[in-house]
Number of protein chains: 2
Amino acid sequence: MDKKYLNIYNEILNKIENNYFKPNSKLPSENDLMREYNVSRATIRNALNLLEQNGYIQKIKGKGSFVLDIHKFNFPVSGLISFKELSKKIGLNANTILKELSVIKPDSYLMKQLQISGDEHVWKVIRVREIDNKKIILDKDYFNKKFVPLLTKDICEDSIYEYLESKLGLKISFAKKEITVQIATEDDKKYLDLEGYNMVVVVKSYIYLDDASLFQYSESRHRPDKFKFVDFARRNKEVMKG
Amino acid sequence: MDKKYLNIYNEILNKIENNYFKPNSKLPSENDLMREYNVSRATIRNALNLLEQNGYIQKIKGKGSFVLDIHKFNFPVSGLISFKELSKKIGLNANTILKELSVIKPDSYLMKQLQISGDEHVWKVIRVREIDNKKIILDKDYFNKKFVPLLTKDICEDSIYEYLESKLGLKISFAKKEITVQIATEDDKKYLDLEGYNMVVVVKSYIYLDDASLFQYSESRHRPDKFKFVDFARRNKEVMKG
DNA sequence: GAGTGGTCTAGACCACAAG
DNA sequence: TTGTGGTCTAGACCACTCT
């Protein structure tokens, strides 16, 4: 990767994670960093803005950039991160069981969710996620076959996202997610170890590629006591004008 | 407000919301916008990047900037938005009932949440939110008294945030939120119309000022069938390197 | 080849914070 | 007064898309 600002971003991020830059301490000023990395100020600002957006630092006009202390508590379920990335990050004893893998014609609900016609085909993937030997999450994923020509058992049991990004070269860009709580369905009771709970947390995701085409709809159904969603949000500038 | 890029941001946003720039259509190129507004390209890019961050457009290298079609479905509970701002935005018949307003010494739990010592004082505010005449949300807010010297009944029944931002000049900068589902407590049953549900959705928020000081901790407890959280997330660049 | 957004430079002036 | 980050300019070259 040749991009200077990304290299600088990663270098500073490493120093934060390795406690070289400590929480609540001040980073070198933008002018110092310019000299240290021999780049223009805009490049430094590009790197620092990315750090700020991702919640690692807070910039304060007239004072400097300060390292935030909140990431050590975070399970970043927020943002876009796959189950495999997540389980690796938090080091859980996790396991995936593939229950169904097929190509279907979408019903009217799915046509609406994926914004396609009934003539197109859709991959349907049903997986159960086991954590510490308990069936906690039921994932129902639907992929527009136009973008994903092939899926196999092996891919679904490993990481679909890794396959899509590395092998197919699809670039996942953004997602809309919706979290609600619902009464557990028969499917939920059949596939999950609900241990008496009669509700599930449902995370619906609409996932888009970098050309803004909708290629996946998914429902992730969680046992309520095991569900946790963490979000880092900045107050928007334009909201403050209202 | 003198900032050129914010003016341009708002002008383009208005044109998107008024359907002058239609969903899936292309915005004028950055060069066109430079000429139209008589500013440098960096200023245009500043405005467009803000639109992209907030999910209104998608930029595609070599092609252009395209208007996204997802905002019309959004209840933006995500981000940082107060109950009053929200109810105004979605036009609900909403009402706030103040149950408790007092200054307390924090117990050990609260000391940890607000990262303060037992010598400091904390405002405790308990409010019930009524929507369509049903008690749906129980809000428990705790403010570090160092930053909020005074609260009154009137302020709590109107909008605390408006008071903090407009009158006290506090600048709310970012928040960490955590969503879980819990068994309903006696308080939940006492204050809310739970209609048989025995669980509540709990949103814990840690809210920071622009100097990165933690000034508020709050728990928002929702009847599960009425809860909905919508999130717009972009896949991070540095994650893609991993 | 022409047009697009992505990165980068080398300046400038401003508002804000702190001694 | 000095140093900080925030905004802005006027260029430049690049990688990518489309025709």
**OP:** Classify the side-chain pair B/Y109/B/Y217 by whether it contains a donor and acceptor separated by less than 3.5 Å.
**Re:** yes
Sequence-distant partners of [X], side-chain contact (heavy atoms from CB on, under 4.5 Å), two or more places apart:
X	value
A/K124	A/E100, A/S102, A/I104, A/I126, A/Y142
B/N46	B/Y5
A/K146	A/E120, A/N144

**OP:** Examine C/dT7: is either OP1 or OP2 under 4.0 Å from a nitrogen or oxygen in the side chain of A/Y5? Give yes or no.
**Re:** yes
Original post:
So, is A/K3 close to the C/dG6 phosphate, meaning a side-chain N or O under 4.0 Å from OP1 or OP2?
Top reply: no
**OP:** Would you indicate whether B/K15, at its atom NZ, is surrounded by more than 12 heavy atoms from other residues, nucleotides or ligands within a distance under 6.0 Å?
**Re:** yes
Original post:
In terms of the angle between their ring planes, are A/Y9 and A/Y56 parallel, tilted or perpendicular, with boundaries placed at 30° and 60°?
Top reply: perpendicular
Subject >> Spacing of NZ belonging to A/K140 relative to OG belonging to A/S218, to within rounding of 0.5 Å >> reply: 11.5 Å
Subject >> Inter-residue atom distance A/E52.CD - A/I57.CD1, 0.5 Å rounding >> reply: 6.0 Å
Original post:
Which residues, if any, of residues 29-37 of chain B bring a heavy atom under 4.0 Å of DNA chain C?
Top reply: B/S29, B/E30
**OP:** Measure the distance from CG on B/N49 to C1' on D/dG6 and round it to the nearest whole Å.
**Re:** 15 Å
Please tabulate the protein-to-nucleotide N/O contacts below 3.5 Å involving nucleotides 16-19 of chain D, giving atom names and distances.
residue, atom, partner, partner atom, Å
D/dC18, OP1, B/K63, NZ, 3.2

Detail all sub-3.5 Å separations between protein N/O atoms and N/O atoms belonging to nucleotides 9-14 of chain C.
residue, atom, partner, partner atom, Å
C/dT9, OP1, A/K4, NZ, 2.8
C/dT9, OP2, A/S40, N, 2.7
C/dT9, OP2, A/S40, OG, 2.9
C/dT9, OP2, A/T43, OG1, 2.7
C/dA12, N6, A/R41, NH1, 3.4

